[in-house]
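Take a look at the structure set out below.
Each chain gets a letter, A, B and so on, in the order the sequences are listed, and its residues count up from 1.
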Amino acid sequence: MARKRRGARMILQRSHTCGELRLADEGKTVILNGWVDAIRDHGGLIFVELRDRYGFTQTVIDPAKLAGVAELKPEYVAAVRGTVRARPAANRNAAKPTGEVEVVADQLEILNRSKVPPFEVIEELDTREELRLEYRYLDMRRRRVLHAMEFRSRLTQIVRRVFHEHRFIEVETPILMKTSPEGARDFIVPTRYRPGWVYALPQSPQLFKQTLMVSGIDRYFQVCKCFRDEDLRADRQPEFTQIDVEMSFARQADVFRVIEEVMTTVYREMLGIAVPAPFPRMTFAEAMRRFGSDKPDTRFALELFDLSDACAASEFKVFQGALAARGGAVRALRVPGGGTLSRKQIDQCEAVAKEYGAKGLPWVKIAGGAATGGIAKFISAKELAALRERGGAADGDLVIFGADHYDIASKALGQVRLHLARELGLIDPKRIDMLWITDFPLFEFNHDENRWQAMHHMFTAPREELPAKGEDLSHIHADLYDLVLNGNELGSGSIRIHRPEVQRQIFDLVGITPEEAEQKFGWFLRALDYGAPPHGGIALGLDRIVMIMLGLPSLRDVIAFPKTASGACPLTHSPSPAAPEQLRDVGLQVAPEKER
RNA sequence: GGGGACGUAGCUCAAUUGGUUAGAGUCCCAGACUGUCGAUCUGGUGGUUGCGGGUUCGAGUCCCGUCGUCCUCGCCA
């Protein structure tokens, strides 16, 4: 008989989940708890499908016996007691794991009611993301969202296990820490203890993990939250999770070996895929030269080549101009069979190139052994020969050019390369191209601020002798490496500085005064003074790994409660204005809007 | 900070050149129905067209501003 309870106490506690009953369970008396997924009301007979994390099970209810069924609506929480029965042969549902059975109800308990949800809880949901995130608890009742959470949890466990197998220690480092200059903007946390003073949330636990090396914890890892107050992207959230790793007495190869084992194990155990290891390696210079990117997608063949020398006497003003400038280059990309591309498709490529700083996108098609269209009239016989010999250009091909500073020309062509690969369907989605990019330059020049800055961070060890301040630093390299998967940067690491005098020299080169170094990093320099071992490590983006492994387009899809592009949480409506008392406590006040 | 797209019923969308009472599907509500599984059938409710201003006899539609969402450049040691 139907039971109706006013109290909060549940009577019918589940004996099984909604995903596990099979024909073998026929005849058993069971109790299911779950959410009402669907009600199919035939008058004298009502099918109520219950859902939980594990699946769906159909219950069959006779409304004459269990009148309470009339009250049920979607998303109500219900308990059903009944007998497992094989469905009549004609009514079995092969599409559902539990589709051969049903539970004939003899007791029904409504555990909770639900308002009409703002969207239906169905797998094939097509509703705007912001609403899904505002009601994430409803969204997450769906299999595919749950699956991402479960996948992530299992993956993290595997990562921890592999590190532990190699005697790594997971150490938690502070969330409230000291602000650091350079790098991303810190999230800052004011405090009552010191009105007007702030902690920072970690951009990464970099200095803590290096300090742990000084402590003798020679193998450290941590699955940790990191925070950066910068603009968001589909693959960037203000708070994200890193697999942070550091090893003492280790060289680059040692770091690679451990990470290769972690990644191959995760792929094997989560997806049953054997990723070959060791992963291929490519220097930064080679990656820029061949692919125009420091995170090349090597799943398809298009490669850039250089025409600077062949174009030295070019009649084309754009080439002349590029080559006349310091660091200028003429680079090219051959698109096999690209002769069939429409003007519109080429224009789209040009738009991509311009987005990445190119001023235009010269092109020619090759037909009948000659260059046609685009800038063909400027292409000399010598240049055409170079296109054929160096780029392999042949009849039916399209060749596009980048003429600018080497970096800009390379990057723009590299992005067009990616665009074309997607446009022409050149990417095999099944491929998994894991790649180490090595030998990064230690410094890059910041044109806006007119100074050298660390490419990775200021704690990376130089491989060569450091020049005097003011000299060109572009040729200094480091054991500085990125792990790239299918054109996505999964992580970045380096062998660190362990000698305090070298660390001071680097601070000096990037324009940090000794006073500032003492104030910001004195504590760390002191640690280096007491026998810091040689060490190095890496940090991998956990969210990105999960996103890529699941083939999802956004980091938001693998984070339980992600933030929107403006850094807001649609569920909790954070951030929110500070209360006057809060500001008073920490000794801060808000500037008038005009002064911000 | 810059560029682009979008914003109409709870949800997903439509609405001709600026022109009658802003429609459809779905959800929801009511009724019917004993084998459904996107149940079906009948009927019904539901709108500050994101917000503010402007042009016009007349604005969902055009203009300006603003807010929000998504993508993106810069930025992200």
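- The side chain of A/Arg233 sits closest to B/U72 out of B/G35, B/U12, B/U72.
- Counting distance only, with no hydrogens placed and no angle test, the side-chain atoms of A/Asn93 and the base atoms of B/C37 include a donor-acceptor pair under 3.5 Å.
- Among the nucleotides B/A39, B/G35, B/U72, the one closest to any side-chain atom of A/Tyr356 is B/U72.
- Nucleotide B/C70 forms a Watson-Crick or G-U wobble pair with B/G4, both donor-acceptor distances falling under 3.5 Å.
- A/Arg144 CZ: more than 12 foreign heavy atoms inside a 6.0 Å radius.
- Distance A/Glu129 CD to B/A5 C1': 15 Å, rounded to the nearest Å.
- The pair A/Arg51-A/Glu75 meets the salt-bridge criterion, with a side-chain N (NZ, NE, NH1 or NH2) lying under 4.0 Å from an Asp/Glu carboxylate O.
- In this entry B/C57 has B/G19 as its Watson-Crick or G-U wobble partner, both defining distances falling under 3.5 Å.
- The pair A/Asp347-A/Arg343 meets the salt-bridge criterion, with a side-chain N (NZ, NE, NH1 or NH2) lying under 4.0 Å from an Asp/Glu carboxylate O.
- By the 30° and 60° cut-offs, the orientation of the rings of A/Phe187 relative to A/Phe227 is perpendicular.
- A donor N or O paired with an acceptor N or O is not found under 3.5 Å between the base of B/C76 and the side-chain atoms of A/Arg228.
- Side-chain atoms of A/Arg236 and base atoms of B/C75 include a donor and an acceptor less than 3.5 Å apart.
- Checked by distance alone, A/Glu130 brings no side-chain donor or acceptor within 3.5 Å of a matching partner on the base of B/G68.
- A/Leu21 places its CG atom 17 Å from the C1' atom of B/C37, with the value rounded to the nearest Å.
- Judged by centroid separation below 5.5 Å and plane tilt below 30°, A/Phe119 does not stack onto the base of B/C11.
- Residue A/Arg185 is classed as having no contact, given no heavy-atom separation below 4.0 Å to the nucleic acid.
- Straight-line distance from the CG atom of A/Leu490 to the P atom of B/C76: 21 Å, rounded to whole Å.
- Of the candidate nucleotides B/G74, B/G68, B/G35, B/G35 has the atom lying nearest to any side-chain atom of A/His42.
- Closest to the A/Ala234 side chain, of the nucleotides B/U72, B/U36, B/G74, is B/U72.
- Residue-level contact check: A/Glu120 touches the backbone only, with heavy atoms under 4.0 Å from sugar-phosphate atoms and none from bases.
- Taking side-chain N and O atoms only, A/Lys115 has no distance below 4.0 Å to OP1 or OP2 of B/C28.
- For A/Arg128, the side-chain atoms get nearest to B/C11 when compared with the rest of B/C11, B/C75, B/U36.
- Along RNA chain B, the nucleotide closest to A/Asn91 and the one closest to A/Met455 are compared, and the more 5′ of them pairs with A/Asn91.
- Residues A/Phe459 and A/Phe521 bring their aromatic ring centres within 6.0 Å.
- Counting non-hydrogen atoms under 4.0 angstrom, A/Leu131 reaches the backbone sugars and phosphates but no base.
- Side-chain proximity of A/Phe47 to the nucleotides B/G35, B/C70, B/A39 is greatest for B/G35.
- Atom CZ in A/Arg85 sits roughly 17 Å away from atom P in B/C37 (whole-Å rounding).
- Figure legend. B/A24 is base-paired to B/U12; pairs are counted as Watson-Crick or G-U wobble with both atom distances under 3.5 Å.
- Residue A/Lys411 is in sugar-phosphate contact alone, with no base atom involved, counting any heavy-atom pair closer than 4.0 Å across all strands shown.
- Straight-line distance between the C1' atoms of B/U40 and B/U34: roughly 13 Å, to the nearest whole Å.
- Counting non-hydrogen atoms under 4.0 angstrom, A/Pro181 reaches nothing in the nucleic acid.
- Between A/Glu444 and A/Ala38, the residue anchored nearer the 5' end of RNA chain B, judged by the nucleotide with its closest heavy atom, is A/Ala38.
- Nucleic acid contact for A/Arg556: sugar-phosphate only, since backbone atoms but no base atoms lie under 4.0 Å from a heavy atom of the residue.
- In this entry B/G47 has no Watson-Crick or G-U wobble partner, no candidate having both defining distances under 3.5 Å.
- Judged by Watson-Crick or G-U wobble contacts below 3.5 Å, the nucleotide B/A30 has B/U42 as its partner.
- Side-chain atoms of A/Ser566 lie closest to B/U69 of the nucleotides B/U69, B/A39, B/U34.
- Of the candidates B/C37, B/G68, B/G74, B/G74 carries the atom nearest the A/Asp231 side chain, counting heavy atoms from C-beta on.
- Judged by distance alone, with hydrogens and angles left aside, A/Arg92 brings no side-chain donor or acceptor close enough to the base of B/G35 to form a pair under 3.5 Å.
- Using a 30° and 60° split on the angle between ring planes, A/Tyr137 and A/Tyr135 fall in the perpendicular class, above 60°.
- If you check the side chains of A/His535 and A/Gln210, you find a donor sitting under 3.5 Å from an acceptor.
- Comparing B/C76, B/G35, B/C33 by their nearest atom to the side chain of A/Asp41 picks out B/C33.
- Using a 4.0 Å heavy-atom criterion, one finds that A/Lys73 contacts the sugar-phosphate atoms exclusively.
- The same atom, C1', is picked in B/U49 and in B/G44; the two are 24 Å apart, to the nearest Å.
- Across B/G35, B/C37, B/U72, the shortest atom-to-atom separation from the side chain of A/Leu45 is found for B/G35.
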